[in-house]
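Whatever order the structure lists them in is the order used to number ligands and atoms, beginning at 1. Just so you know, these numbers come straight off a predicted model, no measurement behind them.
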Amino acid sequence: MTVKQLINLLGLPPQAMQEQVATWGGKPFRARQLMRWIHQRGVRDFNDMSDLAKDFRALLQQNAVVHALPLNFQKLSADGTYKWLFDVGLGNAIETVYIPEQERGTLCVSSQAGCAVACPFCSTGYQGFSRNLTSAEIIGQLWYANQVLKDKPLTARLNAATAQSPQPVSNVVFMGMGEPLLNYSQVLPALQIMVDDNAYGLSRRRVTVSTSGVVPMIDRLARDCPVALAVSLHAPNDELRDQLVPLNRKYPLAQLLSACDRYLQYAPRDFITFEYIMLDGVNDADVHVSQLIEIAKRVRCKLNLIPFNPFPQSGLKRSPAARVREFAQKLMDAGVVVTVRKTRGDDIDAACGQLAGDIRDRTRIAQRLPNRARITIHQEPA
Ligand code: SAH
Ligand code: SF4
């Protein structure tokens, strides 16, 4: 007996959905209807898709599913930051973080379980690479967050935390776990769904791919779906960047900066965001200021200085706040556009890559102390 494989429609971009629907004898408008039911109304049960013909719904029941990721737990921070941990099998988990602000709601999504790039300041890097997420698992994070944000009791709790209504997800950033451009075949369809008017309808400038610098894939992204680009720079010369972002040994700075320049012809914004983690005594000296000024002359950019979120194995320290201010001021005096990232959700470890490491430790603790209560909230959205 062969077990029939059901197709998960959650990860199909518009073109693939049309082709799939055509194999069931459906017209393109049926595909658009399906996209709207799944992504805009959050409906998973084909029987509830009331404007689809009965026999078409029966075909869907037999051949397809809408399957999001199973949730491990979710946590709400005192500042309204929300964090979800999803189970991706074999003891692996990925994280998704929602950050509410006055005018927008930003969702930080993961693209891989673990990461092979192994940057020494990143706890995801310390976990090694487990596997690529599928497009359905990437979109599932956005789908899920939207369901939660529509859920009345939960939004009441968010309101209480922030003293304002949470914004729906208006921006997506690929700054969770993983290197999105090393999982291009799954990240591209996820991006196409995010910007599709029948799905999430986000403009390309409100979706940001963050990369450690996979040069050939930056060029592919420019052609296929040029969303906003953030590049994890972290060091202004090859010698240091080889250490901090090991992918630099394959794609050194000169190649990376040229790729950024090329990308600007297609980008929805007229600058590239360079991310720069401030590490005490490592990349925060005056010589680095001068080198960054040279880079900013070469590529139109905004420099985002990120306070390092320390974790024990790294052996690294956050630059003191006064040093960050001074560093930023020197760059601004030279005409570089600089922002300093505020840390959010500190009380729930919502910083990049921190949580999944956490959960493994927690599992070990739980194994040692089987009766220990876990302080988590577990709630499936309606
Ligand atoms: N792999 C991609 C996207 C995920 S990492 C990339 O590297 O760009 C997203 C961001 O989180 C990167 O800018 C990364 O530098 C930052 N990050 C990783 N570990 C961090 C830490 N310990 N403290 C602060 N930011 C961190
Ligand atoms: Fe991977 Fe990005 Fe972490 Fe580097 S910073 S290890 S590229 S997730």
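Near His234, meaning under 4.0 Å from any of its heavy atoms, are these atoms of ligand 1: 13 (O), 14 (C), 15 (O). Of all atoms in ligand 1, listed by their number and element, those nearer than 4.0 Å to a heavy atom of Phe308 are 21 (C), 22 (N), 23 (N). Against a heavy-atom cut-off of under 4.0 Å, Gly125 is close to the following atoms of ligand 2: 6 (S). The contact set between ligand 2 and Ser212, taken as ligand atoms under 4.0 Å from a residue heavy atom, comprises 7 (S). Short contacts between ligand 1 and Thr211, defined as distances under 4.0 Å to a heavy atom of the residue, involve ligand atoms 6 (C), 8 (O). The distance from ligand 1 to the heavy atoms of Gly176 drops below 4.0 Å at these ligand atoms: 4 (C), 5 (S). Close approach of ligand 1 to Cys122 (heavy-atom distance below 4.0 Å) involves ligand atoms 18 (C), 19 (N). Within ligand 1, the atoms closer than 4.0 Å to a non-hydrogen atom of Gly178 are 1 (N), 2 (C), 3 (C), 4 (C), numbered from 1 in the order shown. With ligand atoms numbered from 1 in the order given, ligand 2 contributes 6 (S) to contacts under 4.0 Å with heavy atoms of Ala118. Applying the 4.0 Å criterion to heavy atoms of Glu275 picks out, from ligand 1, the atoms 10 (C), 12 (C), 13 (O).
Each of Asp48, Asp51, Asn198 was evaluated against Trp37; a single residue qualifies, Asp51, per the side-chain hydrogen bond (donor to acceptor under 3.5 Å, both in side chains) test.
Of the heavy atoms in Met177, none comes closer than 4.0 Å to ligand 1. The proximity of Val231 to ligand 1, defined as any non-hydrogen pair under 4.0 Å, does not occur for either the backbone or the side chain. In Phe121, the parts holding a heavy atom less than 4.0 Å from any atom of ligand 1 are both the side chain and the backbone.
Ring to ring, His288 and Tyr276 are not that close: their centroids are 6.0 angstrom or more apart. Between Phe86 and Tyr144, the ring centre distance stays below 6.0 Å. Here Tyr126 and Phe311 bring their ring centres to under 6.0 angstrom of each other.
A donor-acceptor pair under 3.5 Å links the side-chain atoms of Glu137 to the main chain of Thr134, judged by distance alone.
Ranking protein heavy atoms by distance to atom 1 (Fe) of ligand 2, first place goes to Cys115 SG, 2.3 Å. Of all protein heavy atoms, the one closest to atom 3 (Fe) of ligand 2 is Cys122 SG, 2.4 Å.
Taking only non-hydrogen atoms, the option from Cys119, Ser210, Ala230, Ser232 nearest to atom 2 (C) of ligand 1 is Ser210. When the heavy-atom distances from atom 23 (N) of ligand 1 to Thr124, Leu316, Asn309, Leu247 are ranked, the shortest goes to Asn309.
Heavy atoms from other residues, nucleotides or ligands lying under 6.0 Å from CD of Glu239 number 12 at most. Enclosure of atom OH in Tyr251 by more than 12 non-hydrogen atoms of other residues, nucleotides or ligands within 6.0 angstrom is indicated.
None of the N, O or S atoms belonging to Cys119 lies under 2.8 Å away from atom 1 (Fe) of ligand 2.
Residues Phe129 and Val88 do not share a hydrophobic cluster, clusters being chains of Ile/Leu/Val/Met/Phe/Trp/Tyr side chains in contact below 4.5 Å. At a threshold of 4.5 Å between side-chain heavy atoms, the hydrophobic network of Ile, Leu, Val, Met, Phe, Trp and Tyr places Tyr266 and Val215 in two separate groups.
At a 3.5 angstrom cut-off on N or O pairs, Ile277 does not count as close to ligand 1.
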Check your understanding: Glu294 and Arg298: salt bridge (Lys or Arg N to Asp or Glu O under 4.0 Å), yes or no, with the steps?
Key -> CA-CA 7 Å; Glu294 290 311 307; Arg298 167 118 175 47; over 6 Å; no
**Study point:** Test log, rule salt bridge (Lys or Arg N to Asp or Glu O under 4.0 Å), inputs Arg262 and Asp219
**Key:** CA-CA 8 Å; Arg262 291 193 293 276; Asp219 288 318; 2.9 Å; yes
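The two atoms that bring Ser232 and His234 nearest to each other are CB-NE2, 3.2 Å, heavy atoms only.
By the 4.0 Å heavy-atom criterion, Gly178 is counted among the residues contacting ligand 2.
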